[in-house]
Amino acid sequence: MKYYLIAPAKTFHSSDNLLTYSSETPLKIGQIVEIPLGRQSTIGIVVKNTTQPDFDTKSITKIIYEQPLPKKLVDALFWLSSYYRCPLSTVIQAALPRGITKNRRGKLPEAPNITPIDNPLNSAQRAAIRAIEENPANTILLHGITGSGKTNIYIELCARTLTKKQSVILLVPEIALTSQLVRNFQQHFKNITLLHSNLTESLRHQLWEKILTDNQPQVIIGPRSALFAPVQNLGLIIIDEAHEPAYHQEQNPKYSASLLAGKLAKTVLGTATPLISDYYLCKSHNAVVEINQLAIESNKHTSISVIDLKDRSDFTKSRILSNQLIESIKASLANNTQSMLFHNRRGTAPMTICDKCGWQALCPNCFLPLVLHADAFQMRCHTCARNFPVPTACPECKNASIHHKGFGTKLIEDELHRLFPSAKIARFDMDTDDDLKLTKIYDEVYRGDYDIIVGTQMIAKGFDFPRLTTLGIVQADAGLSLPDFSSEERTFQLITQVIGRAKRGHQNSNIFIQSFQPDHPIISLASQSDYASFYNYLVQKRQQSKLPPYSFLLKLSVTYKTETATVKNIRTLYKKVIQTAKQLQIPENRIVVSPPMPAFHERTSTGYTWQLVIKAKSRQNLLDIFDHLPKNNYLHYDFDPISLL
């Protein structure tokens, strides 16, 4: 009889994450087995051999797979649990497919027969590849301007890794929004597996099993969860659009995909607008590779104009589209080229208020502003997706002076139909019908079947529009008003990414950036795509405010049914944090604890939420404080949050 320590995928009442089981059959480290736990059965991962204990043990029920999980993956699961203080069982549940004990039927689709096409590289791309391969750092930032051909670099790195008989994981923010990149990879490699949330449980399980048992080098493409793919002999991880918030898991287990990737294999972070923290860390390790040349040399010219939304003399033909932008759209229509308008708010109007008493239409479930959708003539909550009738009079004062303020992509579309009735217009946002989403009709948009494109941030991610000659950012400063340390960074990224749709060297183009704050440093630097100055500007602000990358953050929040209970408990928690820091003898100059404050979304259907934020120079200080705090279902925590909202 042999004995093993096994990590179960179910929480149990014990101070240890591991349990001892016996087996007559020798087991391998990383094997997935079924084990009895209490009166039920669960699955577990074999972690290590052990000696016979001085207590009775249960035997494993059965071996689920002969092929064990890769050792680096098992080690990464333990690291994730410790680094983010998340139960190991929760991490294992996220790493393994649902219904793993079921016998699946059905045949996987056969890989298409392809003839790999050439992947021409220019001198800048070849230099970038050499720099990446020669750099000893485990995580390397590939900072390339939009249109520099980062995809070609990914493909070449992937081909070289496969030649070494090693596999590759390519992470994308969302499969649906990166179909063009996926299509490029499918033209070069045969053994590709796509993992994403639209797969059925059965198919996802079958694909996971194929990855586990396939000894041939392979390419795995998917969102952040693809990091848990049990791929053997992993040689490289590529994270495309590495600045995207989608790479941060917000539910347990919470984690950063870039940090987790670094525990699994050599990692390349590809982006035109790196996160400040990523750039700072990679720069300090001499692990930044810059590429500032377009993939295809071009003599095309791009004109960028910043228009003040407060100057109403520029808005005589439309209250939301400037005269200059309208004239440029007219010219594009006359030349049979395309125009694009970007605004990161959907619907018709984001706010409905009574001009007499100030009443505002709020969702009774989320207590957030309802958005008018004029096409369906409904008020809609973009958080819980509930619909409500449009008020014709104020429910408080009964006055009929109801006004809809602001604008979204639907109102922009309506305005374009008024101004250009013969133009063919396509709108892409979360409200777009499935059959008309950009991923479904991209080929039609690409070849110019649509004259004007309107959309939210989904049109800014990786798509190529070679016929684009007019680009309008309708309200560039919309995100700057958010009370969060990341709002300026996110605004710069969005503007730069959108501008990149028209600066790829295909056409002479005109870009119009409309803003209520045209002189704001972020608007000015983004209009010039000046990342270096933006980085210097923001990194100085972060240093003065003791924010990442100059500190580590822990956000603690409590939620109770009443405001009184919430305030009482957050104050108690604040005192406990201060007391714990003193007991641990953490110097006052190495830690900052914010006073308790209401959360950005203070009131929801679950109650009231207040929070406090701890900044520390050492992440270990945060872990030590957290370990001494009382845990209950009312306390929520987030290490390394990308936002404090």
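Just so it is clear, the values below take in all heavy atoms, side chains as well, and ignore hydrogens, waters and symmetry mates.
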Just do the side-chain hydrogen bond (donor to acceptor under 3.5 Å, both in side chains) check on T337 and N335 with the steps written out, would you?
-> CA-CA 6 Å; T337 57; N335 294 325; 5.3 Å; no
Mark yes when over 12 heavy atoms from residues, nucleotides or ligands other than K356 sit less than 6.0 Å from its NZ; otherwise mark no.
-> no
Please say which of L471, I511, I452 ends up in a side chain to side chain contact (heavy atoms under 4.5 Å, CB included) with M340.
-> L471
NZ/NE/NH1/NH2 to OD/OE distance under 4.0 Å, E489 and R542 = yes
So, R312 and D314, do they make that salt bridge, N to O below 4.0 Å?
-> no
Have a look at C397 and tell me which of C394, S401, P395 forms a side chain to side chain contact (heavy atoms under 4.5 Å, CB included) with it.
-> C394
For atom CZ of R386, decide whether the heavy atoms of other residues, nucleotides or ligands shown that lie under 6.0 angstrom number more than 12.
-> yes
For atom OH of Y634, decide whether the heavy atoms of other residues, nucleotides or ligands shown that lie under 6.0 angstrom number more than 12.
-> no
Does atom NZ of K546 have more than 12 heavy-atom neighbours, drawn from other residues, nucleotides or ligands, at distances under 6.0 Å?
-> no
Could you tell me whether R571 sits above the aromatic face of Y574, with NZ or CZ closer than 6.0 angstrom to the six-membered ring centre and within 45 degrees of the axis?
-> no
Looking only at side chains, do T456 and N344 share a donor and an acceptor under 3.5 Å apart?
-> no
Can the ring centres of Y279 and Y535 be said to be less than 6.0 Å apart?
-> yes
Check the pair E241, T271 against side-chain hydrogen bond (donor to acceptor under 3.5 Å, both in side chains), reporting the backbone distance first and the verdict last.
-> CA-CA 5 Å; E241 305 289 0; T271 173; 4.7 Å; no
Around E327, counting heavy atoms of other residues, nucleotides and ligands shown, do more than 12 lie under 6.0 Å from its CD?
-> yes
When the ring centroid of Y255 is compared with that of Y84, is the distance short of 6.0 Å?
-> no
Mind checking the CG-CD1 spacing from N510 to I329? Nearest 0.5 Å is all I need.
-> 11.0 Å
Of all heavy-atom pairs linking A581 and I625, the shortest is CB-CD1, 4.2 Å
So, T273 and T496: side-chain donor and acceptor under 3.5 Å apart, yes or no?
-> no
Does the pair D414/R418 count as a salt bridge with the N-to-O cut at 4.0 Å?
-> no
K575 NZ: over 12 foreign heavy atoms closer than 6.0 Å | no
Counting only heavy atoms not in M597, do more than 12 sit closer than 6.0 Å to its CE atom?
-> yes
Under the salt bridge (charged side-chain N to carboxylate O under 4.0 Å, His left out) rule, what do E244 and R490 come out as? Steps first, then yes or no, please.
-> CA-CA 9 Å; E244 282 292 330; R490 187 64 182 147; 3.6 Å; yes
Please find out if less than 6.0 Å separates the ring center of H243 from that of H143.
-> no
Distance under 6.0 Å and angle within 45° of the ring axis: does R603 meet both against F367?
-> yes
Between Y637 and F626, is the ring centre distance below 6.0 Å?
-> yes
Have a look at Y560 and tell me which of N569, T609, T606, T566 forms a side-chain hydrogen bond (donor to acceptor under 3.5 Å, both in side chains) with it.
-> N569
When every non-hydrogen atom of T352 is compared with those of P391, the smallest separation belongs to CG2-CG, 4.3 Å
State whether a side-chain donor-acceptor pair under 3.5 Å links S332 with Q338.
-> no
Show your working on side-chain hydrogen bond (donor to acceptor under 3.5 Å, both in side chains) between Y537 and E488 and close with a plain yes or no.
-> CA-CA 11 Å; Y537 161 79; E488 289 186 315; 3.0 Å; yes
Is a salt bridge present between R619 and D640, judged by a nitrogen-to-oxygen distance below 4.0 Å?
-> yes
Given salt bridge (charged side-chain N to carboxylate O under 4.0 Å, His left out), test R346 with D431 step by step and report yes or no.
-> CA-CA 8 Å; R346 56 193 172 104; D431 300 316; 2.7 Å; yes
Nearest heavy atoms of G479 and T491, plus distance in Å = C-OG1, 3.7 Å
